[in-house]
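Report on the structure given below.
Numbered from 1 within each chain, the chains take letters A, B, ... in sequence-line order.
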Amino acid sequence: MNIFAVMKSRLDAVLGGLMAAGKLPPGLDLARVSVEPPREAGMGDLTTNAAMVLAKPTGMAPKVLAELLVEALKGVEDVTAASTAGPGFINIQLNAAVWRGALLDVLKEGRAYGDSTTGAGEPVNIEYVSANPTGPMHVGHARGAVMGDVLARLLAKAGFAVTKEYYINDAGGQVDNVAAALRMRYLQALGRISEADVQGALERKEIQYGGAYLLPVAEALKTRDGDKWAEVNDPAAWIPPLRDFTVEYMMKLVREDLKDLGVHHDVFSSEKALVETGKVDDALKFLADAGLTYTGVLEPPKGKTPDDWEPRPQLLFKATQFGDEVDRPLKKSSGVGTYFASDIAYHKDKVDRGFKNLVNIWGADHGGYVKRVQAALKALTNGEGKLDVQLCQMVRVLNNGEPVKMSKRAGTFVTLRDLIDEVGKDVVRFIMLTRKNDAPLDFDYAKVMEKSRENPVFYVQYAHARGRSVFRHAATMFPQADLSDAGLAKADLSRLADVDEVALLRFLANWPRTVEAAALAHEPHRLAFYMYELASQFHGLWNKGNDATELRFLQADDAAVSLARLALVRGVGLVIASGLTVFGVEPLEEMR
RNA sequence: GAUCCCAUAGCUCAACUGGAUAGAGCAUCAGCCUUCUAAGCUGAGGGUUGCAGGUUCGAGUCCUGCUGGGAUCGCCA
């Protein structure tokens with residue numbers, strides 16, 4: 001149960017009553033009325049902006065309206081007092097049992113606390129990672145992978161029907177280039193050419209991918225096919241099979257990496273399959289029938305004309321009709337379809353499968369691509385489809401503040417595999433969520449393993465482990481007590497009287513609305529900050545017992561108060577576990 | 001030249017999508033361990049939210065224009 005949502009609906013009912021009684025004009029829009037925690041603890045339990053938001057539409061002064069509402073709120077269930085403050089805020093006091101009720105909810109629902117039906121089962125398609133199958137996954141992919149995976153879990157928790165999807169770019173020039181590079185490495189594996197030959201080809205730009213990661217792929221090809229491809233010189237004959245071999249091999253590695261990162265996709269969609277089944281042509285025909293394509297010549301980009309630029313007629317999409325700056329090419333001057341054409345077909349395919357609510361997680365280097373895909377989606381759905389693109393900024397990998405660039409495996413960048421091997425999946429996942437995705441992120445090997453408050457993943461886990469530690473002690477101190485969640489729910493929670501205990505109760509009640517807001521805003525990082533704050537409050541309460549021993553959770557001579565406090569400790573642990581579950585991170589029982 | 005993102009305490013970042021006196025950590029200073037984990041906690045100082053306008057009851061948040069940083073810019077994906 002979300003107390004803030006419940007009180008909002010009761011407030012709406014009060015306002016409705018006032019409208020019906022003619023004390024307020026009928027038909028007021030209540031959407032902007034909010035019920036939130038107050039800024040400071042002394043201001044009461046809840047605060048609402050109703051009087052300020054409704055001042056203009058009612059034509060009443062905020063203070064006058066606030067007085068009217070304060071009067072009307074007095075009879076509302078759980079409200080013990082209400083008062084006006086500041087420019088027209090209404091602060092509301094609630095029956096203390098309401099907050100204790102939140103803790104009972106936590107104990108009853110466990111990690112499911114915070115689940116909601118906000119999404120109403122609406123299908124959402126979330127596409128993430130979608131790394132080209134041309135090499136190992138690196139840190140940038142890791143951020144997108146975690147962001148997408150956790151956003152998907154978060155949306156599911158908020159009641160959406162989520163489909164997690166990976167788009168394999170297994171068509172087009174890039175994969176052909178990898179095939180060419182693989183052929184060089186293959187010839188090297190056969191002993192026909194040397195490492196120097198490969199490097200020479202790289203320098204002359206005859207091949208684009210030369211990383212040593214292709215050596216095992218070449219060995220695998222040799223093992224499977226022997227020297228079968230060494231004598232085949234017609235590219236049309238060797239490119240397709242070598243390309244398919246590489247894609248398959250790379251996708252196997254990608255799937256292994258994702259699995260070890262705890263990332264799972266429901267659907268893998270292939271660009272090649274879209275081309276081969278005619279879906280790209282279908283999509284282009286759809287746009288042509290709508291009169292949204294034409295053959296034309298694009299202007300060169302201003303200020304930065306490529307040296308080899310020359311005007312050429314191409315098939316173009318009228319993206320400018322949907323808010324883009326220029327019309328975008330669907331076919332290269334050679335007549336071959338562009339990546340954009342495939343992507344249109346892919347998004348049309350998503351729409352045809354019943355998704356109107358789409359989310360894509362991309363790297364920031366794709367920022368210039370957002371408008372055209374959104375334009376295409378509008379064209380495909382008559383404006384009904386929604387596409388939210390979340391761009392992930394760069395990840396800088398550091399070690400004690402020093403940039404880390406080299407990877408043992410890939411040569412030029414830090415791979416996802418390196419990260420997992422170095423610090424473990426759970427740490428990688430959590431740290432990736434400690435910034436909003438449109439801000440750059442520093443990933444410092446030393447910092448993320450540090451055991452201090454500076455390291456959020458440690459700090460949150462430590463709070464959880466401390467809570468478990470209390471229970472280990474409680475089991476010996478009160479061997480007769482029922483310390484199960486159901487047993488703790490029977491404790492006399494009115495014994496939680498200290499101001500910080502009550503504050504913690506309130507904060508636990510904030511979890512459902514935090515989850516909901518984070519889900520709707522597509523901002524999973526908010527959960528990381530909530531957990532950090534919760535951990536902070538918990539550590540603070542813990543240490544309050546240093547000075548005031550009567551505030552320690554366990555009181556050997558007072559089982560009743562001990563059980564009430566254990567219920568609170570357990571509630572904190574369960575909410576942390578709830579958050580970590582969304583993050584795909586396992587809460588720790590102890591830190592040793 | 002254009003588009004997108006960013007700019008908040010000395011440093012790294014929050015701020016519940018327009019609310020009350022802008023909050024944390026680090027660093028600095030002053031305190032707390034015969035103790036359920038001191039791997040922690042308490043307190044103090046530290047701000048013209050890059051600049052200039054605008055919108056309104058109210059702006060770090062929205063709009064316009066600057067400045068600085070990053071990303072991208074037909075026939076790559």
I'd like to know if [X] reaches the base of [N] with its side chain, counting only an N/O donor and acceptor under 3.5 Å.
{"X": "A:Thr47", "N": "B:A20", "answer": "yes"}
{"X": "A:Arg312", "N": "B:C75", "answer": "yes"}
{"X": "A:Arg372", "N": "B:U3", "answer": "no"}

task = Tell me what A:Arg453 touches on the nucleic acid: a base, only sugar-phosphate, or nothing, going by heavy atoms under 4.0 Å.
result =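 Since only primed, P, OP1 and OP2 atoms lie under 4.0 Å of A:Arg453, the category is sugar-phosphate.
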Does [X] put a side-chain nitrogen or oxygen below 4.0 Å from OP1 or OP2 of [N]?
{"X": "A:Lys447", "N": "B:C11", "result": "no"}
{"X": "A:Lys436", "N": "B:A14", "result": "yes"}
{"X": "A:Lys56", "N": "B:U56", "result": "no"}
{"X": "A:Lys371", "N": "B:U72", "result": "no"}
{"X": "A:Tyr462", "N": "B:C41", "result": "no"}

request  = To the nearest 0.5 Å, tell me how far A:Asp170 CG sits from A:Ser269 OG.
outcome  =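 Spacing of CG (A:Asp170) from OG (A:Ser269) equals 10.0 Å.
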ask   = Tell me, do A:Val359 and A:Tyr128 make a side-chain contact under 4.5 Å, heavy atoms counted?
value =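 No, side chains not in contact.
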ask   = Between the side chains of A:Gln174 and A:Thr134, does any donor sit under 3.5 Å from an acceptor?
value =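 Per modelled atom types, A:Gln174 and A:Thr134 side chains form no pair under 3.5 Å.
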request  = Indicate whether the side chain of A:Tyr167 and that of A:Asn360 have a donor and an acceptor atom separated by less than 3.5 Å.
outcome  = no
Spacing between A:Leu391 atom CG and B:C6 atom P, to the nearest angstrom =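 Whole-Å distance recorded here is 10 Å.
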inquiry  = By the rule that syn is within 90° of 0, classify the base conformation of B:U17 as syn or anti.
reply    = syn
ask   = Which glycosidic conformation, syn or anti, is assigned to B:C33 if syn requires a torsion within 90° of zero?
value =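 Classified syn.
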query = Given the rule in the side-chain hydrogen bond (donor to acceptor under 3.5 Å, both in side chains) test, do A:Ser34 and A:Asn49 qualify, once you have shown the distances and angles that lead to the verdict?
reply = CA-CA 6 Å; A:Ser34 66; A:Asn49 61 359; 3.3 Å; yes
For [N] and [M], measure between their [atom1] atoms and round to the nearest Å.
{"N": "B:U61", "M": "B:U55", "atom1": "P", "result": "15 Å"}
{"N": "B:A27", "M": "B:G23", "atom1": "P", "result": "22 Å"}
{"N": "B:C76", "M": "B:C62", "atom1": "P", "result": "38 Å"}

